[in-house]
Amino acid sequence: VKVVVVGAGAAGTAAAWAARRAGAEVAVVHDRAGASALASGAADWDRWQASTGQHALEADAVALASALGYSTDACLVCTASGVLRPAQGRDRAVLDLAPLAGRRIGVADLARDDWDAELIARALSSSAWARTTETRFAPRAVALSDVQHASSWDLAARFDDPGQREKLAAELVKGRGEVDAWLCGPWLGTAPAACEALSQRVELPLGEALSPPGGAAGARFESARDALLEHAGVETRRETVSEIVLGSGRIDVLFAGGDRWGADRVVLALGGVAAGGVRLDEARARFELSLGAPVTLQVDGLSTDAVSTLHGVDFAAHGAALLEQVGIATVGAAALGAPSVFVAGDVMADRPRTWLRALVTGLHAGRAAGR
Amino acid sequence: MIGGKLASYRLFAEEMTDVVARRLGNTTPSKTHVSPLPGGDETIDPLALTEGGRIDPMAAVRLEYRHGSRALRVMERIAKNPREARVVCECEPVLEAEVRYVVEHELASSVEDVSRRTRLGLGSCGGMRCAARCGAIIAQIKDRSPESGRRDALRFVEWTRKRRLAAVGPEQARQEALALAHLRAEIGDEPGEGEP
């Protein structure tokens, strides 16, 4: 069986991995950065405000998340605005504050536009958690040159280099005896192992706050993913897919460049509106898939024609949430009306934008497609 | 008198004041047209504000455009505390010193107030990268809780988002969805309630 997976975010990667383990020949085609590459580093099952405790994950999901650099243990993480929040898992470079209750946490104070250690420490200190556990957060100067204007991605990439990392380590080591852990911004390396190497060198727990879109967590996901797919023996190609055509017993995957692949099964894991998998067709004022495929789009259980009006998609009635609710109508993991086309991740209708759920829908779609 | 542009407000005010003065029998000639507006007393070279490259030239030009010679007061803050040279809003751009200046001297007390005075958050990202930080700065100056600063920021982003949704196009829809995802990851839908 040949399975082609379109998209290489959390869902597409999981689908490729699962289909490969089911014995299929698997190829992944992807193009632009999607929601997983823009992810914050927190792994959620539901939106975190709506979270009702730890979701029990299947063993495959735990193993795959781990291979992608994620822990799936319940944790307490914080954002660059100094907001504490629970998560079902995290990129291992993100600092888990739960085991640090009652300790002194130094907030690395670098002269950067996107990281205000003083305000972050103020916000974290005033949280109910910090007050009840008597956890202290305080800014602590970290003297590094040329850090103000570097983008957070560039700064993270700088610390992939052992020599540059040593300069940061030398500053953080000065905190020994005065702080019990370091909270840094999302710039502790784009390589999955950089943060752990730094922590071992400094001999203190340290980690990042959550990343903004396009930050270090996304970069680490991409490098872990590339290594994983290569190790699994999955062929990958970077190109835009223009159309999926159902033939008799065979599916054609047409590339924008004119080339084509044949497949027995296809998994669509190309993301929702944020990732660009679904887009708004301005002329016809409705949502459409970014590639031609025999699937039906749905919002709130209705086909998307229902949300079109003469004046455009009716955001007034649905609000901005409409952007997250639109997706492909499915029967189980397969697209409605096209049983050899499977769907995973954000592009499934009514799936909240959450990393772990995308991963699990990918596993299910990949297993079904690889059978 | 309803509506008008900033450029014509002064003219309206001058004519109206003349009418009132005549009614009151005040014969002193009007001085409005020769009194400079705040910051309009002298022309300054915005590029001289860049402090040899420490301040982004575009930020300096915008600062001078908005505040005239009072841009020097903002720069004095930076001379005293170099931390305030940091950029809060990248799109416009707006420096931290300017945010603090309008809160302390121009009666701004919310992110929306700061936005009206500085254009913070009205660029391409719709405030998704700067509103939270601006709210935190205001909360700190006004001695309010960080949580109230986040609520203020969220109110602002909801306000700018509503204004844009009316005219949303394909690329903007993607941008809006990203803003939603970012907001959710950064401060949540209802800040405070998600806190453990």
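Quick note on labels: first sequence line is chain A, next is B, and so on, each numbered from 1. Please read all numbers here as calculations on a predicted model, not as lab measurements.
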| said: Applying a heavy-atom distance below 4.5 Å, give me the residues of residues 31-45 of chain B that approach chain A, sorted by number. | reply: none
| task | Would you name the heavy atoms of A/Ala123 and B/Arg150 that are closest together and state the gap between them? | result | CB-NH1, 4.0 Å
| query | Do any of residues 54-69 of chain B come closer than 4.5 Å to chain A, heavy atom to heavy atom, and if so which ones, in number order? | reply | B/Arg54
| request: Let me know if A/Ala80 has heavy atoms under 4.5 Å from chain B in its side chain, its backbone, both or neither. | output: both
| said: Once rounded to the nearest 0.5 Å, what's the spacing between atom OG1 of A/Thr79 and atom NE2 of B/His182? | reply: 8.5 Å
| said: Would you say that more than 12 heavy atoms from the other residues, nucleotides or ligands in this model lie under 6.0 Å from the CZ of A/Arg32, or not? | reply: no
| message | Please determine whether the number of non-hydrogen atoms from other residues, nucleotides or ligands lying under 6.0 Å from atom CZ of A/Arg103 exceeds 12. | response | no
| note | Rounded to the nearest 0.5 angstrom, the CD-CD distance for B/Glu176 and A/Glu324 is 11.5 Å
| remark: When every non-hydrogen atom of B/Ala173 is compared with those of A/Leu323, the smallest separation belongs to O-CD1, 3.7 Å
| query | Measuring heavy-atom distances to chain B, does A/Leu38 have an atom under 4.5 Å in its side chain, in its backbone, in both, or in neither? | reply | side chain
| note | Turns out that what part of A/Ser81 lies under 4.5 Å from chain B's heavy atoms comes down to both
| Atom CH2 of A/Trp153 with >12 non-hydrogen neighbours under 6.0 angstrom | no
| B/Met128 and A/Pro213: which non-hydrogen atoms are nearest, and at how many Å? | CE-CG, 4.0 Å
| Residue-level contacts of residues 82-101 of chain B with chain A, using a heavy-atom cutoff under 4.5 Å | B/Arg83, B/Ala85, B/Arg86, B/Val87, B/Glu96
| task | Tabulate, in ascending numerical order, the residues of residues 129-141 of chain B having at least one heavy atom closer than 4.5 Å to a heavy atom of chain A, or enter 'none'. | result | B/Ala132, B/Arg133, B/Ala136, B/Ile137, B/Ala139, B/Gln140
| task | Please state whether the side chain, the backbone, both or neither of A/Arg122 comes within less than 4.5 Å of a heavy atom of chain B. | result | both
